[in-house]
Amino acid sequence: MGDKRPLILFKCAGCWLPVTRPVRLLDEVPDLPSGDGVDLLPEGYCWRNDLTGKSCGRFLLNLRDMVNTRYHDDGRLVSGCCGLSGIDGVNTLCANGHEVATESSDCWTGPYHVELEPYTYIITELDQELVPALNTTPLL
Ligand SMILES: [Zn+2]
């Protein structure tokens, strides 16, 4: 039933490079884990945070659904113990250097996830039948 929802893909607003794999939007609050070192969301899904707090209204994703991204050039923003803490701000760029997301993947910052920054992305809805061709389609 849940698979009737459209697949969506996030692209960088600066260069239109896809920065995520096709994912499905969860419309209910998933059973969010709260421990450290586990994935907040399963692969292949994104969720629009509707809990109060600084992430309210932002899209959250699994780390492994991010594509064409790299860490920030500014070393101060990619601090962390064994991963990225994400507490210092945007630490993930698209391959062309636009700021797109904040990754939290350190051992003490709770479940791993990526939070897309507001106004840095374009949401594209995918036609299901086109999905298998995605990898062979030129980007522009
Ligand atoms: Zn970009």
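Whatever order the structure lists them in is the order used to number ligands and atoms, beginning at 1.
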Whether the Tyr71 and Glu103 side chains hold a donor-acceptor pair (N or O, under 3.5 Å, no angle test) is what I'd like checked. yes

Closest non-hydrogen contact found for Thr102 with Val90 is OG1-CA, 3.4 Å

inquiry  = Using only atom types and a distance under 3.5 Å, with no angle test, would you say the side chain of Asn91 pairs donor to acceptor with the backbone of Val78?
reply    = no

So the protein N/O/S atoms within less than 2.8 Å of the Zn ion (ligand 1) come down to Cys12 SG, Cys15 SG, Cys94 SG, His98 ND1

*May I ask you to decide whether Asp39 forms a salt bridge with Arg64, counting only side-chain N to carboxylate O separations under 4.0 Å?*
yes

From the list Val114, Asp65, Leu116, Ile8, side-chain contact (heavy atoms from CB on, under 4.5 Å) with Cys46 holds only for Ile8

Quiz item: Is Asn62 reaching over with its side chain to a backbone N or O of Leu41, donor-acceptor style, under 3.5 angstrom?
Solution: yes

